[in-house]
Each structure stands twice: as C-alpha cells, then as structure tokens.
4 protein chains.
Amino acid sequence: MKDIQSSPADVSIAIDRVGIKSLRLPLTVKDREHGSQHTVAEVDLAVDLPAQFKGTHMSRFVEALEGWKAGLDYQGFKELVADVRERLEAQNAHVTMRFPYFMRRSSPASGAVSNMDYACTVQGDLVGQRFSMTLGVEVPVMTVCPCSLAISDQGAHSQRTVVRARCRFKGFMWLEELIAMAEGAGSSPVYSLLKREDEKHVTEAAFANPCFVEDVVRGVAKALEEHPRVTWYSVDVESFESIHNHCAVAGIERTKG
Amino acid sequence: MKDIQSSPADVSIAIDRVGIKSLRLPLTVKDREHGSQHTVAEVDLAVDLPAQFKGTHMSRFVEALEGWKAGLDYQGFKELVADVRERLEAQNAHVTMRFPYFMRRSSPASGAVSNMDYACTVQGDLVGQRFSMTLGVEVPVMTVCPCSLAISDQGAHSQRTVVRARCRFKGFMWLEELIAMAEGAGSSPVYSLLKREDEKHVTEAAFANPCFVEDVVRGVAKALEEHPRVTWYSVDVESFESIHNHCAVAGIERTKG
Amino acid sequence: MKDIQSSPADVSIAIDRVGIKSLRLPLTVKDREHGSQHTVAEVDLAVDLPAQFKGTHMSRFVEALEGWKAGLDYQGFKELVADVRERLEAQNAHVTMRFPYFMRRSSPASGAVSNMDYACTVQGDLVGQRFSMTLGVEVPVMTVCPCSLAISDQGAHSQRTVVRARCRFKGFMWLEELIAMAEGAGSSPVYSLLKREDEKHVTEAAFANPCFVEDVVRGVAKALEEHPRVTWYSVDVESFESIHNHCAVAGIERTKG
Amino acid sequence: MKDIQSSPADVSIAIDRVGIKSLRLPLTVKDREHGSQHTVAEVDLAVDLPAQFKGTHMSRFVEALEGWKAGLDYQGFKELVADVRERLEAQNAHVTMRFPYFMRRSSPASGAVSNMDYACTVQGDLVGQRFSMTLGVEVPVMTVCPCSLAISDQGAHSQRTVVRARCRFKGFMWLEELIAMAEGAGSSPVYSLLKREDEKHVTEAAFANPCFVEDVVRGVAKALEEHPRVTWYSVDVESFESIHNHCAVAGIERTKG
C-alpha cells in the first residue's frame, strides 16, 4: 500500500509539533507513601516534522504507548519519550500526561481519613540531547479575603481557590512536594471529610490566616524559589470569588539562577 | 437527486426526537427594562419521526431559523416552534435556546452600576395541540454556612453557589422574575462591581443571613409555589464549598395543583 | 457543638434530593475479561430530606464511601446505596458513579491490540423497598452519511458519532454487553491503534454500511428491545457532522412490556 | 476604611500578572461587511504588581470596562488597555476578549445563506511604551484523509477539524482575513445550511482536495508567511479523527523577519 505520509510535502515548511492528543489509558504512578497508585491518564504525544515530508506516522505514537511497560517515574517516562522520538525518526519528542492523583489526608481535629484528588501533569521534552521534565499540580485551597475581614463588622468572604503550579528541576522531585507547597499557601487546605470539630478548626484557622490571590501566588513562588533543585517555575492562582460571578487571578513565572 | 431520507426505515421504530444541536446564532431577547437586548444563543431543534421513514431533513431546521425574524418573546418563539413542525411534517416539535442574559445592577452601598450575566434557557414544546414554554435561569449567589458560623469562634466559610431554576406557567413571565426569585434565596446576591463600602455591606448582609443549600432550594421553591401563574417548577442548587473539593447540592421538582 | 442541621426548617418543604456532587475516588470495577480493572470515578450521592429538618449531614456521605470496601458490582453497589440511606436516616438514597472503562481491542486486519476507553455510569436508586440499577455507556463510532454517499460522484462525509445508551434490567448485565450494542450500530467501530491495512479495512467497511443518526439510534434501540433482561432504556446519538459546525442528534426512550 | 491592598507585601516578590478573569459583557465588534455586529464576550484583564504592594485594586478593572464606550476596533481597544494601566497605576496591562463572531455565508451550489460562527479572540498587551494586539480565530473545516483515500477501494474517512490561528501585525487586520486563511486550508469549508445539491458539491470538493493536519497547518502558515503585515503567528490544527477516539494535531509558531 502507498505510504502517502512519506511523499514530499506540498508546502515546504517544517512543523514544530505533530502528533495525537487526548488518548486515554490506565496508568500506574509512583507514590511516595504507598509505592505506586493506579489512575487514568489523558496523553498527548508529538514530534517535529522536517519540511520535506508530507506527514508523520500517527499509529506509531500509539504503538510506543502500548510498548511502554514502565510506571510513571522519571526513568520510565524518559524511556517513553526517547522511544517516541526513535519510532517517529524525529529530532524532538514531547509527551504530556494528565491524571488525577490521590492522597490520603487526615482531617485537622478528628483525624478522619479520606481521599483528596489533585489534577496532575507530567510533561517530558526531548530536544536534541536535552531531556527536561515538567511537573504540574492543580491544588484547591480555601482563601479568606483580608480586605473583607478588615472592613466588615462581622465575617469575611471566603471561597475555593485553585493553585496551578508547574516546575522543572534537577534530579528528582515528588508530586507530593509540589502539592505541599501549593496547599500551604492558602488560608487553609481543603478536605473531603470534615466532622463538625474539623469544620470549626478549618474555619478558625482560615480566618486567622486571610490571603489574597496575590499572597497565595507569592507564597508558592517563595517556596519554589527556596527549593534547591527547582530551576524554573510557573504559578497561577484562580479564586472563585464568592461575592462576584468572575474570578480573581495572579501569576508568576521565573527561570532561576 | 435521490431522497434517501424519505426511503423506508431499515428498523421500524419511531424516534422520539431527531434534529440538530448547538447551532449558534445572534439573538434579540425581550428585556423588561430596555425593551430588548442583543445576545448570542446556542440552539437545539428537534421533531419526532414516524417508524416508517428512514430520516428527517436536517437542513429544514436551519431554514426555519433563517426564516424566523421575530425576537425572543412568547408569541415569536411559538411561531418558530410551529414553523419547525410544519416544515418537518412532524407531530411534535421542540426548540431550546441557551443564551447569556444581562441585567444592569447597582451595588448595595455606593450604587455603582455594572452588568450581571445569567445563563438563561427558553424551551418550547409543541406536542399535538399543546404548546408549553419552559423558562430557565442560572443565578450565582453567595452562601454563608450556618453550621460553620454557629460553631466557630470567628468567621464561617462562604462560597459561590449556583441556583438553576426552571418553570412552566400560564400566560406570560419575565426572565427577570425568575432571576429575582433565585437571587433572593441566597445569603446575598453577587455583583460584578463592588467598591470597598459595598464589599463591607455584602459581607455583613451575607453573614446576617447564613443558609445551607437546603435553605436556598426551599426559598426558591416557596417563591415558585406562591407565584400565581407558575404550574410546574424544578430548582437545583449547587454550592462550590470552600472547605471541600466537591459540591453540595439540593433539588426540588413539583407539578402544582 | 450545636447541630444546626437538626434544627427545624425555616421553610417547611420536603427536599427530593440533597447531597454531594463530583467527589473523586479511585475505583475497582468488575471486568468480564480480566476479573476487575482499576479506574477513577466521580461520584454523586443524595438522599431525600423531610420537610421538618433544616439540613442533612453531608459528611456522612463521605464516610459511607470511605467505609465501602467492595468493588463495583451489583451486590457491592447495592450495599453502598443502602448504607448511605441508613447513615443519613432517609427514605430514599441515590448514588451515581461516572468513570472511564477500558477494553482491549484488536484492530480488524492486523490484529494490533490497544486500549479503547468508554465513559460509563452506574446509578443506583433505593426508593422505599425497591432498588434499581441503571447502567450507562458512551461509545464513539464512525458514521458515513448515506445521503452524501448516494448523491456524490465520489466519497461521502463521515464523522465521529457518540452513542449514549442507558438501561435498567432484571438480574445482571455487563457494561461490555451495552458497549457492544452501541458499537455495533454505527458504520464502523473506532479504534486507538490502526495500521495501514486496518485503516483500509475500517474505511471500506464503513462505506459499505452508511448510516444516519436515525439508523444508529434505531439499531441500538432494536438490540435493547430484543435483550431479554432489559426493562427500560434510553438511547441518544450525537454526530459531529464533518460538513457543519453543529451536531445531528436522535433519541429514543422506552419502558418495555 | 482600611486599604489593605496598599499595605506592604508579606513576601516581597513582583507579580507578573494579577487581575480578573471570565467577566462577561455585551460587546459591539467592527465587522467588515456590515460595519459592526453585536456579540457577547468573556474578558480577562490584568496588570503587573511591584514587589512592595500587598494587593491590586480589583474593582478598578470592572470600572475600566464600564467606562469603556468604544466598540472593539484597534483604537478603541488600545484605549481600554491604556486606561486599565492608568487606573491600576501599573507598568504593564493586558486585556483579552473572547467572543463568537458571525459571518453570513452562501452555500456553494444553491447559494442558500446562513450564519457561521467563529470563536475569536482579541488580546492587547501594553508593556512599557509598546502596545501589541493579537488576533485569534477558531475555524472549523472538513478534512478528508489522503492516506485513507489512497489505500481504500472505496471512500476515505473525513472529519471536522478545528484550525486555531493567532497573529500579530503592523497596521490593521480584519478578523475576516484571518478566518479566510484558516478556512481555505482544509479540504472544504463547513456551512450551517446545505441543501442536497450543496452537500454533493461539498463532498466532491473535499474528496478532490484531501489533506492531513500537517497539510492544513502548513497551508495556514504559508498564507500568514506571505501576508505582508503579519509579524508573528501561531497555528494549531486539531482533527477529531472519525476512525479514532483521539485527535490528530499539528502546530507551527513563527516570528517573521
């Protein structure tokens, strides 16, 4: 059968990225507490395509995933990205996996244990000789508004706020480390299971620690600045303001050193 | 050219609804304050199909919309639904339009004026001789948790909460009436523009009026029960709990009389 | 601490459903081929609330999930719904779980094996003495337009089409059975991994079997009508028309017998 | 009342962007054919914040929008971005508006006229003395697979494909120009209203012009390369493959000159 993809391109322009998007698969991820956990990922895979070729061979991306037996840790992921590049005969390869990641959390007063889920991302880029891995987490926190608290006779508006933090680093890093940095920067963490004494504790702790989106984004940035292995980071905070129908946002991106 | 749609069906089963979904169009909606307003709608149109016909003629739905010159009020909308049924030679016809609807709102202390947007729905069902219209609104409010307020030494968690109310009625009804019923049932309305004195006012008013999703859904249901023209309603409330990563919900549906 | 939830309601209206929505958790589901598979679910839980009580106790829903050790099969799921009702001291209880479900599929010519994912739903309703379970699947298929094929000198437009099928039944039913009924009703199944000879096979098979959304919805309805244990079903088909920016849809719902 | 926002920051890190997101408002956009059209926008506004200040004054973003009376053209939009920067006493300001944009299109054979909608974006960045405007369009097209067409005895799979093109430019540029470049690069444009003779025409035209996502992205890139006023562009193409449950994608980004 004819290999149309390998025929010459009609328009001779190199393509930065060509590949497949939103392929779903079951995934085993390295877990600091339990060794590993089962989850489900949505995967994007791409390579570059030189100006002279009409098309890439899309089925090879799926074959690379099918052939990948490792769980999701640094070494296993790097092998996948390298294998994608080799199968596609490309210069560069890029793989991104998005998945919910679960941690068992104890409520602050009663110690009731339940699952918290975090939307995580692992991205690998192999460009020439250089492989870089980017971790990303999406962490919900609670924020109490410092302005509302200062000016009101009673109360202050609070809301769910999402911290999206991404970083690149030297050596190794746990998703749990990045989650902890994000979760520690709000007025309070959020939980799945809170008994009445926990709800009292969370409310009082949050009101003792009011913060704007500006405070949250700086808090996470500070933790990432001080982390010895982090080389680049990006933090975005989005607060679902309970007094508005729009959101408040703040963002910082830095290359360190 | 062959009319495949009119050929006999391979499987002789009547189809409840067949049509098109998510067609976008500019729309003029009747507005109580200004006469009319411009918005953008997403439209679904459908008819029934008898067991003997293979297919419906989908392009006629678009022609009906193109031929429809009226703005969105009761009479104009009914004409559209009737025209759809006639063009498609069907027994029943159904049209749903979803669109953002804007109201100018004054903030409670400074009187600063700004837009609030509400996701609205108008649905028309023509079944035999009977035409019924269903209005729907999605209204964001603020809720302060009564439990958190009662048990905490300071503060209480609050959050954005969405009220989805739908109703059928005799005669005529404004979207504004349904919005007002939903907006009045939370701890406070939300606003696009709040100056510092407004934020103080909203915070204090909300903390003076704490409510669970259960209170909100009952408040809207009570208003709809007491409304003399409403014949059926459905209310769903969803609260984006600021202490959790999940939502609290409550729902009531009733046929009156 | 005060139990605000148990205090009298301000508005004395019974609530149909009150609970929590979109709680995520890791889940083990019964799998016909491999015994079980790991996935991730989004869960809604609700109960009714009598007119006299102000609020329900939301944390008990999470405790019920935490206490639930069974995997997702009929008996284990029924136990969860019953436990929810008991913990919440309610008359009725409702639990819905939405999760991606994976099957290993062989491509039609080369036999290359890969994952296909289906968005599935299991819903359990315990109303008084009666427990009913509803299975739901979302199955992508390919459709080739019979009209376009008949009138064009060359080709015919095709597109991805989603079949959403739900059913209730006596005894037991596999998700795989419902998936097979939906997947068999399009012009061709879709696959994650297709080599060139597979792509040729799928294209030719689909063009030999053109179908409208009307044909697809009837095909699935026929299979459900003929299934001896199915007592109720609902089928919705949505086709992402490649010649339009809107979708074509068709729906049938029937209570059997 | 206390101005908490103006108090010193706890963590002395400059914030790149702080502002509000997803505020909805009615919008009038300049339209090449009819002078102007009414639509509805979702707006993000942001400024930078120096390291020493705790917070920005979020209500001023909404006041800037409320005070903005111009329709959406180059000059009017630039005034808004400059006003945001001035009100917020910032160095940089950024405004993005996302809105559906409608064009009247004639079908290719019968000449039947209907609306086509395109999701458009206008972004303005004022950084120091430099103002740059970025236009973005999202244009659905139809693609017929060249590989499937070459190897199959009959037919070829086709699907809806979305082209997302963004560009910066010298002087002025119409959304219509960018839409035309994107729409011309697929196998065929898509339409809202197609009579039978139009469907035949579209099918045959598309099958006479098969293209991969690689061909589409290069076609749009070529048009943007050749456009004399474009200085930077980014093109992303996503094809909802009708034979798979995942998408094929391709992307090119270039700074010209």
Side-chain angles (χ1 to χ4, degrees), chain A residues 1-5 7 9-24 42-44 46 49 51 53-56 58 61-62 145-151 210-215 217-219 221-222 225 234 236-238 241 244-254, chain D residues 1-5 7 9-24 42-44 46 49 51 53-56 58 61-62 145-151 210-215 217-219 221-222 225 236-239 241 244-254:
Chain A
M1 270 178 285
K2 216 174 156 185
D3 181 0
I4 298 282
Q5 282 84 350
S7 60
D10 302 317
V11 173
S12 185
I13 296 180
I15 299 180
D16 300 341
R17 290 178 181 230
V18 53
I20 64 174
K21 191 180 162 184
S22 300
L23 187 83
R24 276 158 293 268
E42 203 174 82
V43 185
D44 304 342
L49 184 71
F53 296 116
K54 183 172 175 69
T56 198
M58 299 281 187
F61 292 110
V62 186
C145 176
C147 170
S148 173
L149 184 65
I151 64 179
C211 53
F212 290 129
V213 285
E214 292 93 327
D215 296 310
V217 78
R218 280 167 164 154
K222 183 169 184 282
E225 279 291 341
S234 158
D236 283 291
V237 178
E238 179 171 6
E241 300 292 288
H244 297 303
N245 199 25
H246 58 257
C247 292
V249 293
I252 293 175
E253 185 191 329
R254 294 284 188 281
Chain D
M1 268 178 287
K2 217 174 154 184
D3 182 359
I4 298 282
Q5 282 84 348
S7 61
D10 302 317
V11 172
S12 184
I13 297 179
I15 299 180
D16 300 341
R17 292 178 180 230
V18 53
I20 64 174
K21 191 180 161 183
S22 300
L23 188 83
R24 275 157 294 268
E42 202 174 82
V43 185
D44 304 342
L49 185 70
F53 296 115
K54 183 172 174 68
T56 199
M58 299 280 187
F61 291 110
V62 187
C145 177
C147 170
S148 174
L149 184 64
I151 63 180
C211 54
F212 290 130
V213 287
E214 292 93 327
D215 296 310
V217 78
R218 280 167 165 154
K222 184 168 184 282
E225 279 291 342
D236 283 291
V237 179
E238 180 171 5
S239 174
E241 299 292 286
H244 296 303
N245 199 25
H246 58 258
C247 292
V249 293
I252 294 176
E253 184 192 329
R254 294 284 189 280

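Heavy-atom basis, side chains included; hydrogens, waters and symmetry copies ignored. Labels below follow one simple rule: chain letters A, B, ... track the order of the sequence lines, proteins then strands, and each chain is numbered from 1.
In terms of non-hydrogen atom pairs under 4.5 Å with chain A, the most contact-rich of Thr56(D), Asp10(D), Val43(D) is Thr56(D). The candidate with the highest count of non-hydrogen atom pairs below 4.5 Å against chain D, out of Cys147(A), Gly219(A), Ser22(A), Ser7(A), is Cys147(A). By number of non-hydrogen pairs under 4.5 angstrom with chain D, the leading residue of Val213(A), Leu49(A), Asp236(A) is Leu49(A). Most heavy-atom pairs under 4.5 Å with chain A: of the set His244(D), Lys2(D), Glu238(D), this distinction falls to Glu238(D).
Residue Ala46(A) does not touch chain D at all, counting heavy-atom pairs closer than 4.5 Å. Of the atoms belonging to Phe61(D), not a single heavy atom falls under 4.5 Å from chain A. When heavy atoms are compared at a cutoff of 4.5 Å, Ala248(D) approaches chain A by way of both its backbone and its side chain. Neither the backbone nor the side chain of Glu42(D) comes within less than 4.5 Å of any heavy atom in chain A. Contact annotation for Ser239(D): neither backbone nor side-chain heavy atoms come within less than 4.5 Å of a heavy atom of chain A. When heavy atoms are compared at a cutoff of 4.5 Å, Val249(D) approaches chain A by way of both its backbone and its side chain.
Summarising the geometry of Ala9(D) relative to Arg218(A), their closest heavy-atom pair is CB-NH1, 3.3 Å, with the distance given to 0.1 Å. Here the shortest heavy-atom pairing between Lys54(D) and Glu214(A) reads O-CB, 3.3 Å. When all heavy atoms of Ala51(A) and Ala14(A) are compared, the pair lying nearest together is CB-N, 3.6 Å.
Partners of Gln5(D) under the side chain to side chain donor-acceptor pair (under 3.5 Å) rule, at least two apart in sequence or in another chain, do not exist in this structure. Partners of Val217(A) according to the side-chain contact (heavy atoms from CB on, under 4.5 Å) rule, which considers only residues two or more places apart in sequence or in another chain, are Val235(A), Val237(A), Ala250(A), Ile252(A), Ile15(D).
Residues Ile20(A) and Glu241(D) have side chains not in contact (no heavy-atom distance under 4.5 Å, counting atoms from C-beta outward).
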| message | Under the criterion salt bridge (charged side-chain N to carboxylate O under 4.0 Å, His left out), I'd like the reasoning laid out for Arg254(A) against Asp16(D): C-alpha separation, chi angles, the key distance, then a yes or no. | response | CA-CA 10 Å; Arg254(A) 294 284 188 281; Asp16(D) 300 341; 2.9 Å; yes

